[in-house]
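Input: a single structure, listed below in structure tokens.
Just so you know, these numbers use all the heavy atoms, side chains as well, and skip hydrogens, waters and symmetry mates. Residue numbers begin at 1 in each chain, while the letters A, B, ... track the order of the sequences.
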There are 2 protein chains.
Amino acid sequence: MLRIDLASHVPVYEQIANGLRAELVAGRFGPGDKLPTVRTLAIDLGVHHNTVAQAYRQLAEEGWLELKRHRGATVRERHRPSNRSDGTETFARPLRELLAKALAAGLPRKMLIRELLDSAHRLEAGAL
Amino acid sequence: MLRIDLASHVPVYEQIANGLRAELVAGRFGPGDKLPTVRTLAIDLGVHHNTVAQAYRQLAEEGWLELKRHRGATVRERHRPSNRSDGTETFARPLRELLAKALAAGLPRKMLIRELLDSAHRLEAGAL
DNA sequence: ATAGTTTGTACACTGAAGACAGACAAATTG
DNA sequence: CAATTTGTCTGTCTTCAGTGTACAAACTAT
């Protein structure tokens, strides 16, 4: 499910938040669902529970989770994100850099194209 | 041209490397071309020249640049990277997370789809 | 040829931040 | 009511990004 890359420059708590956010956006968790406790997920990932807690807190700040003491983290109904940031900075450029990295790593163009089209289709279907 | 986000957790030297790699992959620099000196680029970006030097060194390790003392950085003919890493880890997952972040930021699906298809077409045309 | 400038590198220092450890308070469970 | 569970808080430690500075080698100009 979730995988942590300790070699990455991206801090672990953010990797966790990113991974969970991806699943939340994908709708794999519906409103009201409960996420594992910080300790169980921490053990599962092999990190400290405080690290997981930080990820949960970040997602809560973004409005994805409802955090109540001793009641775990429950998925919240997602409100509209009014923050209208520039798409170039938050998407186009990172995408370009990601593609460059993938090509530099030797991944075949075909695979990348397939993934891109796949994501586009999923987006159109609203499945993401 | 290159933009640095100081708020990002990605270190500046890596942002520089990523940006340059993207341009190199895009073919905006051909073999034999000379990159700006570490100091000029550093002033241009408002960072220390050692930071730029670190980025250059990283790209040199990846085989993109030829670094010779006092001769600046020259773009090298790129060899095919046989190092075939797992595509899921290096591309599919980051792409999913990037999309999730973009959606969470409120970027319209249409824009994302357009960017994805655009990149796919460029890939097919070999322009990337 | 030589003095001065340019250029990449090496090394030490500083500050910030991530991850962990341990304790705590509150709520759930039996 | 006792024991366990659970998220939070505070403090510590380590790592590392970014900078300051000095240096050696090569280029330039006269």
Side-chain angles (χ1 to χ4, degrees), chain A residues 2-21 24 29 32-76 94 97 101, chain B residues 2-21 24 29 32-76 94 97 101:
Chain A
L2 251 180
R3 282 213 40 190
I4 300 302
D5 178 18
L6 292 175
S8 168
H9 295 270
V10 181
V12 175
Y13 76 88
E14 182 127 356
Q15 292 184 44
I16 298 173
N18 288 343
L20 289 179
R21 192 188 302 108
L24 287 166
F29 291 105
D33 284 359
K34 288 206 179 312
L35 264 59
T37 70
V38 290
R39 279 178 172 82
T40 49
L41 183 53
I43 292 178
D44 201 30
L45 297 177
V47 296
H48 201 266
H49 58 264
N50 273 342
T51 305
V52 177
Q54 197 170 354
Y56 276 18
R57 247 174 267 136
Q58 179 167 327
L59 289 175
E61 276 182 16
E62 297 177 14
W64 290 104
L65 299 183
E66 167 103 22
L67 283 186
K68 283 197 69 173
R69 295 204 107 193
H70 318 96
R71 207 155 293 168
T74 61
V75 178
R76 218 178 1 188
E97 296 183 358
K101 234 182 276 188
Chain B
L2 252 179
R3 280 214 41 190
I4 300 301
D5 177 18
L6 292 176
S8 168
H9 44 257
V10 180
V12 176
Y13 77 89
E14 183 127 357
Q15 291 184 45
I16 299 174
N18 288 343
L20 290 179
R21 192 188 302 109
L24 287 166
F29 291 106
D33 284 0
K34 289 206 178 310
L35 264 58
T37 69
V38 289
R39 279 178 171 83
T40 50
L41 183 53
I43 292 178
D44 202 29
L45 297 177
V47 297
H48 202 266
H49 57 263
N50 272 343
T51 305
V52 178
Q54 198 170 354
Y56 277 17
R57 246 174 268 138
Q58 178 167 329
L59 290 175
E61 276 182 16
E62 297 178 12
W64 291 103
L65 300 183
E66 166 102 22
L67 283 186
K68 282 198 69 173
R69 294 203 113 198
H70 319 99
R71 208 155 291 168
T74 61
V75 178
R76 223 185 348 193
E97 296 183 359
K101 234 182 276 187

Hey, can you pull the residues of residues 37-49 of chain B with a non-hydrogen atom under 4.0 angstrom from DNA chain C?
-> B:Thr37, B:Val38, B:Arg39, B:His49
Could you pull out every donor-acceptor pair under 3.5 Å between side chains of residues 40-50 of chain B and any protein atom, sequence neighbours left out?
residue	atom	partner	partner atom	Å
B:Thr40	OG1	B:Thr37	N	3.1
B:Thr40	OG1	B:Thr37	O	2.9
B:Thr40	OG1	B:Thr37	OG1	2.8
B:His48	ND1	B:Asn50	N	3.1

Would you mind classifying the nucleic acid contact of A:Tyr13 as base, sugar-phosphate or nothing, using non-hydrogen atoms under 4.0 angstrom?
-> sugar-phosphate
Quick one: how far along DNA chain C does chain A reach, first to last nucleotide 5' to 3', anything under 4.0 Å to a heavy atom?
-> C:dG18 to C:dT28
[atom1]/[X] to [atom2]/[Y] distance, rounded to the nearest 0.5 angstrom?
| X | Y | atom1 | atom2 | result |
| --- | --- | --- | --- | --- |
| A:Lys34 | A:Arg71 | NZ | CZ | 8.0 Å |
| B:Leu65 | B:Gln58 | CG | CD | 10.5 Å |
| A:Ile4 | A:Leu6 | CD1 | CG | 7.5 Å |
| B:Arg76 | B:Leu24 | CZ | CG | 12.0 Å |
| B:Thr74 | B:Asp33 | OG1 | CG | 9.5 Å |

Partners of B:Glu97 by side-chain contact (heavy atoms from CB on, under 4.5 Å), sequence neighbours excluded?
-> A:Asn18, A:Ala22, B:Arg93
Could you pull out all residues at least two apart from B:His70 that satisfy side-chain contact (heavy atoms from CB on, under 4.5 Å)?
-> none
Nearest heavy-atom pair of A:Leu67 and A:Ala73: which atoms, and what distance?
-> CD2-CB, 3.4 Å
Where B:Ala55 and B:Tyr13 come nearest, the two heavy atoms and their spacing = CB-O, 3.2 Å
Pairwise 5' ranking along DNA chain C for A:Arg71 and A:Gln54, keeping only the more 5' one = A:Gln54
Boundaries of the chain B footprint along DNA chain D (any atom under 4.0 Å from a heavy atom) | D:dA17 to D:dC27
Kindly calculate the angle separating the two end axes of the helix from C:dA1-D:dT30 to C:dG30-D:dC1, each obtained from five base pairs, and round it to 10 degrees.
-> 30°
Residues 2-12 of chain A vs side-chain hydrogen bond (donor to acceptor under 3.5 Å, both in side chains), sequence neighbours excluded, gives A:His9-B:Glu14
B:Glu61: what forms a salt bridge (Lys or Arg N to Asp or Glu O under 4.0 Å) with it, not counting sequence neighbours?
-> none
Salt bridge (Lys or Arg N to Asp or Glu O under 4.0 Å) filter on A:Arg21, not counting sequence neighbours, yields A:Glu62
